[in-house]
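Below is one structure, written out as structure tokens; the observations come after it.
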Amino acid sequence: MFFYSPNFIVFFIVLLIPFYLFPKQRIYWLAAANAIFYTVHPEGFIILFFTMCLLTFSIVKLMCRPGWRWTFWVGIAANILNLALFKYSLFALSNLKLIGITLPGADHFASTIVLPLGISFYTFEFISYLVDVRRSQTRQEHSFLQFWVFVSMFPHLIAGPIMRGSELFPQLGDLNKRSLSWSQIKYGSYLFIVGLMKKLVIADQLSPLVEAYFNKGYSINGTDSWIAGYLFSFFIYADFSSYTDMAMGLGVMLGVKFAENFKSPYLSGDPSEFWRRWHMTLSRWIRDYIYISLGGNRKGSFRTIVNLMITMVISGLWHGAMWTFVVWGGIHGLMLIIHRLTLGINKYSRIAIIRKSRIYRLVAIIIFFHLVTWTWILFHANSLHMAIFMTSKMLQANVVDIATHPYFWLAVGLYGLHVMEYFMRKNEQTIGRAWYRIPFPLRGAGYVLLLLALMYFAKGEEYAFIYFQF
């Protein structure tokens, strides 16, 4: 069920009514709703999901006993192997075939494998729970019901935000006792509608344009390669952040606060800032459970560089089982390394002053946005060879041809909306108070126009959220 489908709206309203009328049973309503939501998806694999949930829960109970600490590694291995089987086995088999090795039954196996919905996200949550309990950073959950609700919360289950036990368990623990108000319904609806507008009005309108350019294949020129990159940059942001906005809105209405996942990432002036603004819960996950586990920056400069590269390559591979994703992650790792190495020149006072200037900041944002735009070509191209071909064409492109292309100005307008979103989020409360000072008839007319716009765009073709495939 897509969040904006009539089936989901009915499903959510049916949940919301008893959720508010019978507060002492909220955890049970959520547990049942999560199971129903996941079961109705044909790629849900509910039995597999429930089995991994029960296995992880049981292993944590065992590893907290004296002499059973070693079972932690069993839990980590089981979750990684489960993810690897469904997500990376085809990648491994295809690479073996490239070097002339064909395993018996490989083709039949390849034809039957299906990626379970949300497996990448719930695997990360299982692993974080195992590690956090081992590190004493979160408590062991003794109620399987609450553990199931924690890991299967349907608003964020399929595409994040990636939550941790220390963030959700306390909220779930007193969910039955807390009073929920009409203000939460209003604010949650506001967040949901913002996400819905991003999805229907921006992402779904850009999707066919993006595919039209990427499907040009080897006939694509340099100007069109840049346009493809610009359009995909705003498509993937609008598509992914719209899911997060809607998930957070649903969470607010259910009395649960999810972690922030995006913070206007295209206003970043360097790679480090970008990963503090883009898919923020994934960034902190790979930092805390991969980068720091490898040693972080505690073992010298060379080891820090190696750790950064390994971390970002793994991040790329998490996004998809293709060499394009591996190279995409490696390039972001390289940019992080170069940025880290250049921080040393800040010791020169004149350079430090220049780097703090607004002009430097503006130039840095423009340059880095174009670097990110180029890396999205690698992310979305259907092969590494195609990504290299488009890159070579981009290097030969004429700036005048790009600047006079009509879709370039569409990209400029979308960037303007991106900046506007930043200021709206920053001044959300002030804008909200100003909105409610407008006479109700005018506000009512605004709501009607918004509803009509949503109904108009909802009539178009439906496109699944891009991160459903990861």
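Nothing here was measured: the structure is a model prediction, and the numbers come from that model.
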Distance-only side-chain donor-acceptor flag, Asp132 / Tyr289, under 3.5 Å: yes
NZ of Lys257: more than 12 outside heavy atoms within 6.0 angstrom? no
Taking the inter-plane angle between the rings of Tyr266 and Phe274 on a 0 to 90° scale, is it parallel (under 30°), tilted (30 to 60°) or perpendicular (over 60°)? parallel
Quick check against the 3.5 Å criterion: does Trp376 have a side-chain atom that pairs as donor or acceptor with the backbone of Gly229? no
Between Glu167 and Arg284, does any NZ, NE, NH1 or NH2 come within less than 4.0 Å of an OD or OE carboxylate oxygen? yes
Indicate, with yes or no, if the rings of Phe240 and Phe262 have centres closer together than 6.0 Å. yes
Go through the side-chain N and O atoms of Thr391 and Trp374 and say whether any donor and acceptor fall under 3.5 Å apart. yes
Would you say that more than 12 heavy atoms from the other residues, nucleotides or ligands in this model lie under 6.0 Å from the CD1 of Ile359, or not? no
Kindly assign one of parallel, tilted or perpendicular to the pair Phe12 and Phe8, based on the angle between their ring planes and the thresholds 30° and 60°. parallel
Quick check: are there more than 12 heavy atoms from other residues, nucleotides or ligands sitting under 6.0 Å from CZ of Phe423? no
Take atom OH in Tyr218; do more than 12 heavy atoms of anything else shown fall under 6.0 Å from it? yes
From CA spacing to verdict: side chain to side chain contact (heavy atoms under 4.5 Å, CB included), Leu378, Ile388: CA-CA 8 Å; Leu378 283 155; Ile388 294 170; 5.8 Å; no
Looking at side-chain heavy atoms only, is the closest gap between Tyr213 and Leu231 below 4.5 Å? yes
Does atom CZ of Arg358 have more than 12 heavy-atom neighbours from other groups under 6.0 Å away? no
Gap between atom OH of Tyr415 and atom CE of Met420 - 0.5 Å precision: 13.5 Å
Determine whether the aromatic ring centres of residues Trp328 and Phe325 are separated by less than 6.0 angstrom. no
Taking Tyr360 for the side chain and Ile353 for the main chain, is one N or O donor matched with an acceptor at less than 3.5 Å? no
Given 3.5 Å as the limit, does a donor-acceptor pair link the side chain of Thr375 with the main chain of Val372, or not? yes
Do Leu157 and Asn34 have side-chain heavy atoms sitting under 4.5 Å apart? no
Nearest heavy-atom neighbours spanning Thr324 and Ser383: CG2-C, 3.4 Å
Aromatic plane relationship, Trp285 with Phe124 - under 30° parallel, 30 to 60° tilted, over 60° perpendicular: parallel
Heavy-atom nearest pair, Phe154 first then Leu30, reads CE2-CD2, 4.3 Å
Give the intermediate values and the outcome of salt bridge (charged side-chain N to carboxylate O under 4.0 Å, His left out) for residues Arg361 and Glu273. CA-CA 12 Å; Arg361 171 72 178 168; Glu273 183 184 5; 2.8 Å; yes
What are the two closest non-hydrogen atoms of Ala247 and Pro155, and how far apart are they? CB-O, 3.2 Å
Carefully, step by step, assess Arg164 and Glu125 under the rule salt bridge (charged side-chain N to carboxylate O under 4.0 Å, His left out). CA-CA 7 Å; Arg164 300 182 183 183; Glu125 293 197 340; over 6 Å; no
Under 6.0 Å from the CH2 atom of Trp435, do we count more than 12 heavy atoms belonging to anything else shown? yes
If you round to the nearest 0.5 Å, how far is CG of Leu343 from CD1 of Ile338? 12.0 Å
Can you find a heavy atom in the side chain of Val151 that is under 4.5 Å from one in the side chain of Phe49? yes
From Leu191 CG over to Lys186 NZ, what is the distance, rounded to the nearest 0.5 angstrom? 13.5 Å
Parallel under 30°, tilted from 30 to 60°, perpendicular over 60°: which one fits the rings of Phe11 and Phe37? tilted
Checking the side chain of Ser315 only, and the main-chain atoms of Thr311 only, is there a donor and an acceptor separated by less than 3.5 Å? no
Check for a donor-acceptor pair, side chain of His370 on one end and backbone N or O of Ile366 on the other, with a separation under 3.5 Å. yes
Main chain of Ile202, side chain of Gln205: is a donor-acceptor contact present, judged purely on distance under 3.5 Å? no
Taking the basic N atoms (NZ, or NE/NH1/NH2) and the acidic carboxylate oxygens, is any pair closer than 4.0 Å for Asp245 and Arg425? yes
Is the Phe232 ring parallel, tilted or perpendicular to the Phe379 ring (thresholds 30°, 60°)? tilted
So, taking the atom named CG in Leu414 and the one named OG in Ser233, what distance separates them when rounded to the nearest 0.5 Å? 10.5 Å
Quick one: pull up CE in Met386 and CD1 in Ile220 and give me the separation to the nearest 0.5 Å. 5.5 Å
Ring centroids only, cut at 6.0 angstrom: are Phe91 and Trp323 within range, meaning strictly under it? yes
Grab the two heavy atoms, one from Pro161 and one from Thr244, that are nearest each other, plus how far apart they are. CG-CG2, 4.2 Å
Quick one about Thr304 and Asn297 (side-chain donor to acceptor, distance below 3.5 Å, no hydrogens or angles considered), yes or no? no
Cationic tip of Lys198 within the cone over Phe235's six-membered ring, i.e. under 6.0 Å and within 45° of the normal? no
Do His405 and Tyr230 have a side chain donor and acceptor closer than 3.5 Å? no
Any side-chain heavy-atom pair of Leu450 and Met197 under 4.5 Å: yes
Asp224 backbone acceptor or donor facing Asn221 side chain under 3.5 Å: yes
Close side-chain approach of His380 and Glu211, heavy atoms under 4.5 Å: yes
List the atom of Met153, the atom of Leu168, and the distance in Å for their closest heavy-atom pair. CG-CD1, 4.5 Å
Is any side-chain heavy atom of Thr281 closer than 4.5 Å to one of Phe121? no
Would you sort out whether Ser166 and Gln137 count as a side chain to side chain contact (heavy atoms under 4.5 Å, CB included), showing the intermediate values? CA-CA 7 Å; Ser166 58; Gln137 292 177 345; over 6 Å; no
When every non-hydrogen atom of His339 is compared with those of Pro271, the smallest separation belongs to CB-CG, 3.7 Å
Does the side chain of Ser283 come under 3.5 Å of the side chain of Arg287 through a donor N or O and an acceptor N or O? no
Less than 4.5 Å apart, any side-chain heavy atom of Ile314 and any of Ile286? no
Arg298 and Ile292: side chain to side chain contact (heavy atoms under 4.5 Å, CB included), yes or no, with the steps? CA-CA 9 Å; Arg298 304 186 305 273; Ile292 290 177; 3.6 Å; yes
Do Lys87 side-chain atoms and Trp318 backbone N/O form a donor-acceptor pair below 3.5 Å? yes
Return yes when atom CD of Gln396 has more than 12 non-hydrogen atoms of other residues, nucleotides or ligands closer than 6.0 Å, and no otherwise. yes
Output for pair (Arg277 CZ, Ser264 OG), nearest 0.5 Å, gives 6.0 Å
Are Glu428 and Tyr190 side-chain neighbours, meaning at least one heavy-atom pair lies under 4.5 Å? yes
Would you please say whether a donor-acceptor pair under 3.5 Å links the side chains of Trp278 and Asn261? no
Side chain Thr123, main chain Ser120, donor-acceptor under 3.5 Å: no
